[in-house]
Amino acid sequence: MTPQELSSALARIVTDLVGARGLDLVVTDSDTQVERPKNRDHGDWASNVAMKFAKRLGTNPREFAQEVATAAESIDGVAKAEVAGPGFINLTLDAASAGETARRVVEQGENYGRSDVLAGQRINLEFVSANPTGPLHMGHTRWAALGDSTARVLRAAGAEVTNEYYINDAGAQMNKFGRSVLAAALGEDAPEDAYPGEYIQSLGARVREQIPGLAELAASDRDAALEQAQELAYQLQLAEIKDSLERFNVHFDVFFSERTLHADGEDGEPSRIAAAIDRLREQGHVYEEDDAIWVRTTAFGDDKDRVFTRGNGVYTYFAADAAYYLDKMDRGFTEKIYLLGADHHGYIGRLTAIAGAAGDDIETSITVLIGQLVNLNGARLSKRAGNIIELDDLLEWLGTDALRYWLARYPADSPLALDGEKLRSRSNDNPVFYVQYAHARTCAVDRNAAAAGLDRSAFAPELLTHETETELLGKLQQYPGIVAGAAELREPHRIARFLEEFAAAFHRWYDNCRVLPMGDEPITDLHRTRLWLNDAAGQVLRNGLDLIGVSAPERL
RNA sequence: GCCUCCGUAGCUCAGUGGAUAGAGCAACGGCCUUCUAAUCCGUCGGUCGCAGGUUCGAAUCCUGCCGGGGGCACCA
């Protein structure tokens, strides 16, 4: 008996009771969702359906609850149904029905927790998108972890997801980057507005090495030298970014170059930006004023209209954004998600306006998730302030697992601080170890069982009656709902928080219920059944950790 | 000024309109001759920023105020 099955059974019961009163009310599973009560005295699962419907039925919640409870007692697998408080229906499963979950988890393996609640959705998830003019730093790290985990959770719920990185490889920043690297390569003083940071020097050295005769070329044709140096430095830097991301266990399906939007089309076709502006003009959203070309984003809720083409004839950054959005649309994504830092929150209005201008439904086709920035030991990091801490440094210092777990366990809109001492500690200060330790323990039990000749030849779920077993089974049952909820809300931190609760339930069970026989005690079906439960617990820990990109070691 | 996020235990923070608001840390006290004590058990700890409102029911939704972060470009 799963919570989903329980909800369905309750929906049928309530439908019948409503029908018996001659009322025409539609009752769906979502009306009868059960929740895990905080208090164990309130049973295994509880429903508030009576309180929701009593008013519409013109009856007393407790009376209606009693009717539902009476019918619910005949559901197969339900041992007890009681009315409590203002009209809650508290359901208790019989031990065999609850215990059956362990076998189901083991049988479904890594598929346990996957669902199809988001089936049919084609989602484009854009995140990080850092300029390729320097290494990834801490400001990007949170979005990398959050974005990749979000994608994993969405996929687990059946969505088709493309992880996408937009490369700002056109425009003034790139030129500044090129000039900085060229000067470094030639041993010149840094230009006035040069990028700070030692990485420029090392890029300069590599550029000098890989472009023979650069100094001579610079002397005869400075622009040509700049172009070559800039291009090579860009490729080197982008490769390093990709490398860092892979080491952080973050995977992108598409690296989308802004240049492709600016480039002229084939056979004299206009660039994609020009084409995009034309398309929006045909929709009636583009106008000219003061020598500039504008888009009427205010028609879709933006505070002010935005410029596409400046008075000097140059496209704004936003024009490329618009063309990029249209490209995503043309690629058939049903939803475009942008994961941005709080410093970009002013972009929400204009981005959603472009979606509207392009003819998309702004309620469903675009989602802009804004996350708060990260602090490190109190000092917020910014590239401009010069105190850059690179992702690579953080990885070397803390490791992928600790860093990803910590960044994944807070809601995106919650301020977050990285505490190096905590992340390096091997204690309850550091929740990733707590969860990984639980997994390692399941593996230790498995090894010891094999050595002791304990096998899985029997499964007697009705024997799993210890209080801590009921708790652990309850957590196993909750897991699929947690994953589905995290996907629907785009909140992967729910997975991490659940894993911590799950690990706690496992540790308590481990402390109270031995899997292996003691000494020369004979092996019983209870031992064998508990081995199944141990397997199931390990499976859920693996599945959950995988959703946040963290490893599940077999030993610590 | 406008927009937006946040305000919950001493600290860091969870909490999808439900029952007595939770966890970790910190403090204090317990459990190892048996599967990993990186675990487990207990005690202490609250004006959910403030005030109204909606609701059978509000930390959660609405309004106003107070305090803090961020944002309000023909920059990228």
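Keep in mind that the numbers below use all heavy atoms, side chains included, and drop hydrogens, waters and symmetry copies. Naming: A, B, ... by sequence-line order, numbering from 1 per chain.
Across the interface with RNA chain B, nearest-nucleotide mapping of A/Ala444 and A/Trp294 shows A/Ala444 to be the residue nearer the 5′ end. Positionally, the nearest nucleotide of RNA chain B for A/Gly481 lies more toward the 5' end than for the other of A/Arg441 and A/Gly481.
When the nucleotides B/rG18, B/rC35, B/rA14 are ranked by their closest atom to the side chain of A/Pro411, B/rA14 comes out on top. Across B/rU39, B/rC35, B/rC74, the shortest atom-to-atom separation from the side chain of A/Val307 is found for B/rC74. Minimum atom distance to the side chain of A/Tyr410 is reached by B/rU12, of the listed B/rU12, B/rA38, B/rC74. The side chain of A/Met518 approaches B/rU34 more closely than any other nucleotide in the set B/rA19, B/rA38, B/rU34. Distances were taken from every side-chain heavy atom of A/Arg494 (C-beta onward) to each of B/rG70, B/rA19, B/rG15; the shortest belongs to B/rG15. Checking B/rC74, B/rU36, B/rG71 against the side-chain heavy atoms of A/Asp343 singles out B/rG71 as nearest. In the set B/rA19, B/rC13, B/rC74, the nucleotide with an atom closest to the side chain of A/Thr316 is B/rC74.
A sub-4.0 Å separation between OP1 or OP2 of B/rC35 and a side-chain N or O of A/Arg530 is absent. Using a 4.0 Å cut-off, some side-chain N or O of A/Ser414 falls inside it from OP1 or OP2 of B/rA14. The phosphate of B/rC72 (OP1 or OP2) has no side-chain N or O of A/Lys304 nearer than 4.0 angstrom. Phosphate contact (OP1/OP2 of B/rC40, side-chain N/O of A/Tyr434, threshold under 4.0 Å): present. For the OP1/OP2 pair of B/rU36 and a distance below 4.0 Å, the side-chain nitrogens and oxygens of A/Arg555 include no atom meeting the criterion. Dashed line: the shortest gap from a side-chain N or O of A/Arg508 to OP1 or OP2 of B/rC41 is under 4.0 Å.
Base orientation at B/rC66 is anti, since its O4'-C1' glycosidic dihedral falls outside 90° of 0.
Where stacking is scored as ring centres under 5.5 Å apart with planes under 30°, A/Phe88 does not register as stacked on the base of B/rG18. Here A/His493 does not pack flat against the base of B/rA14, since the 5.5 angstrom centre distance and 30 degree tilt limits are not both met. The side-chain ring of A/Tyr510 is stacked on the base of B/rC35, judged by centre separation under 5.5 angstrom and plane angle under 30 degrees.
Following rounding to the nearest Å, A/Asn534 (CG) and B/rU36 (P) show an atom-to-atom distance of 11 Å. In this structure, A/Ile482 places its CD1 atom 16 Å from P of B/rA14, rounding to the nearest Å. Note: CZ (A/Arg350) to P (B/rC72) measures 8 Å, nearest angstrom. Across the protein-nucleic acid pair, A/Tyr437 atom OH and B/rC35 atom P stand 10 Å apart, rounded to whole Å. When the P atom of B/rA37 is taken as reference, atom CG of A/Asn512 falls 13 Å away, rounded to whole Å. Look at CG on A/Leu416: it is 20 Å from P on B/rG24, rounded to the nearest Å. Between the C1' atom of B/rG15 and the CD1 atom of A/Ile495 lies a distance of 16 Å, rounded to the nearest Å. B/rG68 atom C1' lies 15 Å from atom CG of A/Asp413, rounded to whole Å.
The same atom, P, is picked in B/rC11 and in B/rG18; the two are 27 Å apart, to the nearest Å. Taking the P atoms as reference points, B/rC50 lies 11 Å from B/rA59, given to the whole Å. Comparing B/rC5 with B/rG17, their P atoms are spaced 16 Å from each other, to the whole Å. The gap from the P atom of B/rC6 to that of B/rG15 amounts to 10 Å, rounded to the nearest Å. Separation of the C1' atoms belonging to B/rG22 and B/rC3 is 33 Å when rounded to the nearest angstrom. Rounded to the nearest Å, the gap between the C1' atom of B/rG10 and that of B/rA73 is 45 Å. To the nearest whole angstrom, the two C1' atoms, one in B/rA19 and one in B/rG71, are 41 Å apart. Nucleotides B/rU47 and B/rC32 are separated by 44 Å at their C1' atoms, to the nearest Å.
For the pair A/Arg441 and A/Tyr510, the cation-pi test (distance below 6.0 Å, angle within 45°) is passed. By the 6.0 Å and 45° rule, A/Arg36 stacks over the aromatic ring of A/Trp45.
One can find a donor-acceptor pair under 3.5 Å joining the base of B/rG18 and the side-chain atoms of A/Asn48. Counting atom types as modelled, A/Asn90 pairs a side-chain N or O with a base atom of B/rA19 as donor and acceptor under 3.5 Å. Donor-acceptor pairing under 3.5 Å, judged by distance alone, is absent between the side chain of A/His345 and the base of B/rC72.
Looking at heavy-atom distances under 4.0 Å, A/Gly85 makes no contact with the nucleic acid at all. Within the 4.0 angstrom heavy-atom criterion, no nucleotide atom of any strand lies near A/Ala452. Using a 4.0 Å heavy-atom criterion, one finds that A/Ala54 contacts no nucleic acid atom at all. Nucleic acid contact class of A/Cys443 (heavy atoms, under 4.0 Å, all strands): none. Counting non-hydrogen atoms under 4.0 angstrom, A/Ala172 reaches the backbone sugars and phosphates but no base.
The distance from the CD atom of A/Glu554 to the CZ atom of A/Arg447 is 7.0 Å, given to the nearest 0.5 Å.
Each of A/Tyr317, A/Phe318, A/Tyr315 was scored for a ring pair (Phe, Tyr, Trp, His ring centres under 6.0 Å) with A/Phe308, with one residue passing: A/Phe318. Just one of A/Leu407, A/Leu373, A/Val128, A/Leu403 meets the side-chain contact (heavy atoms from CB on, under 4.5 Å) condition when paired with A/Arg142; it is A/Leu407.
Counting heavy atoms from C-beta outward, A/Ser129 and A/His140 have side chains that stay 4.5 Å or more apart. Between A/Glu126 and A/Phe256 there is no side-chain heavy-atom pair separated by less than 4.5 Å.
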>> One character per nucleotide, please: for nucleotides 25-33 of chain B, 5' to 3', B when the base has a protein heavy atom closer than 4.0 Å, S when only the sugar-phosphate does, - otherwise.
In response: S--------
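Using the six-membered ring where Trp is involved, A/Phe300 and A/His285 have ring planes that are perpendicular, over 60° apart on the 30 and 60° scheme. Using bins of under 30°, 30° to 60° and over 60° for the plane-to-plane angle, the ring pair A/Trp406/A/Tyr410 lands in the perpendicular bin.
Although no hydrogens or angles enter the test, the distance criterion places no donor-acceptor pair under 3.5 Å between the side chain of A/Ser180 and the main chain of A/Ala194. A/Arg310 places no side-chain N or O within 3.5 Å of a backbone atom of A/Thr316 that could act as its donor or acceptor partner. A donor-acceptor distance shorter than 3.5 angstrom exists from the side chain of A/Asn534 to the backbone of A/Thr442, with no hydrogens or angles considered. Side chain of A/Thr298 to backbone of A/Asp305: no donor-acceptor contact under 3.5 angstrom is found. Side-chain atoms of A/Asn312 come within 3.5 Å of backbone N or O of A/Val314 as a donor-acceptor pair.
Scanning RNA chain B for stems, defined as runs of 3 or more consecutive Watson-Crick or G-U wobble pairs whose donor-acceptor distances all fall under 3.5 Å, gives the following ranges: B:1-7 with B:66-72, B:10-13 with B:22-25, B:27-30 with B:40-43, B:49-53 with B:61-65.
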